[in-house]
Amino acid sequence: MSDTIAALSTPLAPGGIGVIRISGDSAIKIADRVIRTTSGKPLSVLKGYTAAHGKAYNGNELLDECVALVFRAPRSYTGEDTVEISCHGGVYVTSQVLRAVLGAGARAAEGGEFTKRAFLNGKMDLSEAEAVMSLISARGEGGMKAALTALDGALSKKIDSYCNTLVAAAANMAAWVDYPDDEIPDLDLDVLRASLEEVYGRLEGLLCKFDAGKAITDGVDTAIVGKPNVGKSALMNMLSGFRRSIVTDIAGTTRDIVEETVRVGRVILNLADTAGIRESEDTVESIGVEMAKEKIERAGLILAVFDVSRGLDESDEEILELCKGREVIGIINKTDLPHMADIEKIKAALGEVIFISALSGDGEKELSAAIERALGTDRIDTSQAMLTTERQRRSAEKALASIKEAIDAVNMGMTMDAINVCIDSAIEDLLELTGKKAREAVVDEVFSRFCVGK
Ligand code: GDP
């Protein structure tokens, strides 16, 4: 028997309606203590998926007019009896109705507790529960589609199929080890190796796309760098579509790092507009330069900007040096002005460069395509399964390492037991990924990041 939890499931802000969700064995009984239906029938006589109009009371004090929606276990989000009370979406009204529900015997739900119950009741697995959170926090179409794909169980199905292949391989071996004299066909090591290599390849494929997938769902920390006045702020404005940082023609104006999230194609860039990189007597600006260097260190993508109307100088050279070995796109700005800079030198250092005029917006499409190419997001199909959380990536990596060990063990002619240990360990990791056999601490960690009411 589970205790009954309640929370406001819509934001605590003025709105058309506010929804208070109650879930647990006594959900309907508790709702009956708060709601008097217009028909006079208590909610407890209603079938699942039925709505009733009524009024919410705290004792005899009228709180609001409302509609109660009754769900009967197991046909609800949590898999338990659930009542959702839709009342007017005022901050005070919703908190009073919630208070009445808590006073009638429910306990205040913790963050993610409804979804945790859905998981514990087998309504969804762990990767699907994580998809719920991703869907709520999606900041663009790509993130939303990827979350819907995961919510539909695409990743779980894929991981389950890898698990099944490994379980079949392990079972075959176990039978052969335990009953060598029976009529079990000889263990074909080539077949075993092929099964392991197949799962290895597929898992590696998923892992390879992790970073690109993250660029679509969570965004990439991106640093815009360049010496003063090359047009970094103008580029940031071009990307974000409105004036965010001050653009002036006095060198060194952009002293603080201005941060902003923009969407370029399907990619989310967490942009930082840095102070111009150059040696300076000006202390404030020097601090900015240090911050810029730090920002480059942490960035997943660097947009290095150069001014085509001026020859390259030491600062430009320093930037080319700082960008070495990094994921960087060289941007030649101010193409509306006469070309003076040595573009070949930039190309030699950074490879492909993109020509833009941040003022007129020319080259935006080319830049957007170059960003998708650099991050590999042009190869991501959000309708296909992908790993979307760091937790999933860690489990997949552990499984991959164990499968590698199993393949090595086969190749080295080690005992069946030794091979089996590696396969078992890979299966455990995959079961943890989907949550079919996740440790309590892992489950708790996943749900601790959820908001209250979900
Ligand atoms: P930052 O110091 O690198 O951030 O440079 P800003 O964005 O502040 O731009 C410096 C100056 O260059 C401003 O006067 C901008 O109007 C000008 N500017 C920026 N981009 C372009 C461009 O594409 N063409 C031209 N002609 N001027 C530009």
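Remember, it's 1-based here, ligands and their atoms both numbered in the order they're listed. Residue numbers start at 1 and run along the sequence shown.
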Handout entry: Residue part near ligand 1, for Leu337, under 4.0 Å between non-hydrogen atoms
Key = side chain

Exercise for the section: Would you mind running through ligand 1 and noting each atom that sits below 4.0 Å from a heavy atom of Asp336? Expected result: 22 (C), 23 (O), 24 (N), 25 (C), 26 (N)

Exercise for the section: May I ask you to identify, for Val305, whether its side chain, its backbone, both or neither come under 4.0 Å of ligand 1 on a heavy-atom basis? Expected result: neither

Practice task
State, without any angle test, whether Ser156 and Ser127 hold a side-chain donor-acceptor pair at a distance under 3.5 Å.
Solution key: yes

Fill in the blank from the handout: In Ile296, Ile319, Ile224, the residue satisfying side-chain contact (heavy atoms from CB on, under 4.5 Å) with Ile302 is Ile296

Handout entry: Backbone or side-chain N or O of Pro228 under 3.5 Å from ligand 1 N or O
Key = no

Handout entry: Atom CZ of Arg379: over 12 foreign heavy atoms under 6.0 Å
Key = no

Problem - Polar atom proximity, Ser233 to ligand 1 (N or O, under 3.5 Å) - result: yes

Handout entry: Proximal ligand 1 atoms for Ala234, defined as those under 4.0 Å from one of its heavy atoms
Key = 7 (O), 19 (C), 20 (N)

Handout entry: Polar contact flag for Ala358 and ligand 1 (N/O pairs, less than 3.5 Å)
Key = yes

Handout entry: Per-residue contact class, Leu359 against ligand 1 - non-hydrogen pairs under 4.0 Å
Key = both

Exercise for the section: Measure from NZ or CZ of Arg21 to the centre of the six-membered ring of Phe114, then state whether that distance is under 6.0 Å and the direction lies within 45° of the axis. Expected result: yes

Handout entry: Glu141 vs Arg266, salt bridge (Lys or Arg N to Asp or Glu O under 4.0 Å): CA-CA, chis, key distance, verdict
Key = CA-CA 7 Å; Glu141 196 187 349; Arg266 292 186 311 165; over 6 Å; no

Handout entry: Any residue meeting salt bridge (Lys or Arg N to Asp or Glu O under 4.0 Å) with Glu61, in chain and number order, not counting sequence neighbours
Key = none

